[in-house]
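First comes the structure, then the notes that go with it.
Just so it is clear, the model here is predicted, and its values are computed rather than measured. Note that the numbering runs from 1 along the sequence shown for the chain.
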Amino acid sequence: MNNTMTFSGLMAGNNLKALAGPILIIMILGMMVLPLPPFVLDVLFTFNIALAVIVLMVSLYTKNPLEFAVFPTVLLITTLLRLSLNVASTRVVLLDGHTGPDAAGKVIEAFGHFLVGGNYAVGLVVFVILVVINFVVITKGAGRIAEVSARFTLDAMPGKQMAIDADLNAGLIGEEEARNRRATISKEADFFGSMDGASKFVRGDAIAGVMVMLITIVGGLVVGMLQHDLDLDTAARNYTLLTIGDGLVAQIPALVISTAAGLVVSRVTTEEDLSEQVLGQLFNQPQVLIITAGILGVMGLVPGMPHFVFLLLASVLGLGAYFMIKNAAAKEAEQSVTEVAPVTEQQEASWNDVAPIDMLGLEVGYRLIPLVDKAQQGDLLKRINGIRRKFAQEIGFLPPVVHIRDNLELRPNAYQITLKGSVIGQGESYNGMYLAINPGRVTMTLPGTVTTDPAFGLPAVWIEASLREQAQANGYTVVDASTVVTTHINHLIRSHASELLGRQELQQLLDHLSAKTPKLIEDLVPKLLPLSAVQKILQNLLVENVHIRDMRTIIDVLTEHAATSQDIVQLTALVRTALGRAIVEQYFPVGAELQVMGLHHEMENILMQVVQTGGKEGGGIEPGLADMLLKEAGAAANHQEKLGLPAVLLVPGAIRSLLSQFLRRAVPELRVLAHSEIPETRKIRITSIIGGKS
């Protein structure tokens, strides 16, 4: 019973929320045709002022324009509300204006008397000035900013999408966050486009306000003099004051909302609201305050100037600069206090002095230290953890921790990535700048430091942060300094995955599997195969970019065949055959035709003989034949890539391992698959033949 009542209450609340919008619009439109008494006009005019203030406050405290994404709609609704109130109040002014200044309510009377002192000439001038400010300055400027922002946002969408894809591929973000970022980019374009159109409503509202005022004044004079027998002075005073009060009570909220629109579209997205931005950027340099105070002080000493005002403001600014300098000095003194390490006696050398070599290491120059320092908002550690997590999900084992340290021997902006103490990659990254990578279809050249992408060798240029939007709009893929380093690390750990699978990592992987299927692991290691043999088989898979996520299948195959054969190459081939479907799907989508390269039958026969005579890694291939094979394989691989196809060579299983090892260094992009690894349901088409001239 209680649950039913609660559900009914929720449904009723949801229905009321759903009806609120249509009811509000109908009421606003109804005010244009239905007569309203003065008291209701007072309430609605007051509500209009309150709504304008609420909109202004929300715009001041939003940190991102999308936090107030409904603003274009609110702009339309408030414009309709003001126009409806203008129509309703004009009707009352023309009908009852002859009765006195309070004919249209106390709010209009207050604006007509208190704000302009009952002088309709002054009121007319104030009204015109407000309209000019709103129409010419604020609305026009906000509309122009929204128009330009919409254009640049649309132009920058491809570059931003590519940057999101780069972060996703590097493991810095997940699918859900990538989806949210893409939706945010689309919403930004929609928002600024809507603001560009919504600003036209405010401009039309200002024009309509002037026209309504003129029509009401002329109509009031005619009605007062002809219908109510008022003299010209009385009619002009009554109707003009009422009309000006009506115009002011509508234009002031319009000016407030136009200001809110300008604030929303003109601010830069940060983690601070507008007050924090202004105070933090305008009054954070004591030198500026000191110079300003000095100028004001000099001006205050000039004869004829209001000395008190100038000297007062100069003193306030000077005191502010003094306290800022004092606080900065106190912070520096606090940071400079360091603990003196106690002096210890020199100890004998011991085995503790032998430091183990890090499996994976990252060494950075001193200018890149902020990237790894959480106190300085560095996020490199978090991103590297994301890379390791994505590697584990896609490759099948958890790579070693990346140990990070500073290296004063490196250039200030340089870094190097080490594997077992040896450098496997190096580059430069500039903190606070962005790397604009040319994917091959950019439309302009950017000013900056020309370089190459350290991970993939693409042409690139380091640019200032102010050029980021421009670079994205012109087709560049723009990434920050942390992303440059993490993308490089991600590329290298994937290409060296076989070396990262040490015995410790393999044992941890087997322990993880044995927690779910203990019997499966016990039957294989160490009963049938030693741990080193399993490690070598898995490394053989990884060195050819075959993931080991399907460990259940790998263990099943090894358990089945290890009793009859201990040959690592043969066991690796059997595992590859079992994983054939997953291997093929790495290069060809499900259902797609396999367009691959083939080997001439004469070349196959020669290589078969090499294998039978014990040739390994191409060592038994005649030098002239080996040279020809390398050249033709490289040319065929380039041809495949030009066709947009993966460079895959299909050969008999007996020579697959030999060819793969022989071609790996000369043609690293070439993948060699065996016929037995291709599922029976997949269609094969040979695009080129290698070795036909032998």
Side-chain angles (χ1 to χ4, degrees), residues 166-167 170-172 270-271 280-281 284-285 287 327-342 353 355-388 399-437 446-457 460-468 478-493 496:
D167 286 349
L172 307 181
T270 65
E271 293 300 321
Q281 298 179 24
N284 66 338
Q285 299 183 13
Q287 298 88 345
N327 291 337
K331 289 182 179 179
E332 289 182 2
E334 182 179 350
Q335 292 176 356
S336 63
V337 175
T338 57
E339 295 183 1
V340 179
D353 297 322
I357 295 178
D358 296 330
M359 178 68 82
L360 271 176
L362 172 64
E363 299 177 358
V364 298
Y366 70 86
R367 287 185 182 172
L368 297 184
I369 293 177
L371 296 180
V372 298
D373 187 1
K374 292 183 179 179
Q376 302 183 53
Q377 308 301 317
D379 62 348
L380 190 56
L381 291 173
K382 178 182 177 182
R383 295 187 176 210
I384 291 176
N385 286 334
I387 288 176
R388 296 180 66 237
V401 175
V402 180
H403 294 275
I404 304 175
R405 57 171 54 89
D406 61 318
N407 187 343
L408 297 179
E409 296 181 0
L410 295 176
R411 293 188 301 276
N413 293 297
Y415 67 90
Q416 61 185 23
I417 302 160
T418 61
L419 174 63
K420 301 177 182 178
S422 299
V423 178
I424 58 173
Q426 56 189 359
E428 289 192 349
S429 187
Y430 295 85
N431 190 23
M433 300 180 69
Y434 289 85
L435 183 66
I437 304 171
L446 294 173
T449 304
V450 178
T451 183
T452 57
D453 170 35
F456 303 102
V461 57
W462 282 102
I463 60 174
E464 298 292 339
S466 58
L467 296 176
R468 180 184 181 185
V478 183
V479 293
D480 58 20
S482 292
T483 304
V484 171
V485 180
T486 50
T487 302
H488 199 181
I489 294 174
N490 180 62
H491 175 68
L492 290 176
I493 65 173
H496 294 79

Cut-off 3.5 Å, no hydrogens considered: what does the side-chain donor-acceptor table look like for residues 359-372, sequence neighbours left out?
from : atom 1 : to   : atom 2 : distance (Å)
E363 : OE1    : N407 : ND2    : 2.8
E363 : OE1    : Q416 : NE2    : 2.6

In a table with atom names and distances, give each donor-acceptor pair under 3.5 Å that connects a side chain of residues 423-433 to protein atoms at least two apart or in another chain.
from : atom 1 : to   : atom 2 : distance (Å)
E428 : OE1    : Y430 : OH     : 2.8
E428 : OE2    : R411 : NE     : 2.5
E428 : OE2    : R411 : NH2    : 2.9
S429 : OG     : A481 : O      : 3.0

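With sequence neighbours excluded, no residue satisfies side chain to side chain donor-acceptor pair (under 3.5 Å) with H496. Partners of D453 by side-chain contact (heavy atoms from CB on, under 4.5 Å), not counting sequence neighbours, listed by chain and number: L435, I437, A455, F456, L458. Residues satisfying the salt bridge (charged side-chain N to carboxylate O under 4.0 Å, His left out) criterion with D379, sequence neighbours excluded, are R383. Taking Y415 as the reference, H488 meet the ring-ring contact (aromatic ring centres under 6.0 Å, His included) condition, with sequence neighbours excluded. Taking D406 as the reference, nothing meets the side chain to side chain donor-acceptor pair (under 3.5 Å) condition, with sequence neighbours excluded. With sequence neighbours excluded, the residues forming a side-chain contact (heavy atoms from CB on, under 4.5 Å) with L467 are P447, I463, Q470, listed by chain and number.
Annotation: side chain of T487 is not in contact with side chain of V479 (no heavy-atom distance under 4.5 Å).
Under the 3.5 Å distance criterion, with hydrogens and angles disregarded, a donor-acceptor pair is assigned to the side chains of T483 and D480.
Between L380 and S482, the shortest heavy-atom contact is CD1-O, 3.8 Å.
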Problem set entry | side chain to side chain contact (heavy atoms under 4.5 Å, CB included) evaluation trace for I387 with V402 | CA-CA 10 Å; I387 288 176; V402 180; over 6 Å; no
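The CG atom of D358 sits 6.5 Å away from the OG1 atom of T418 when rounded to the nearest 0.5 Å.
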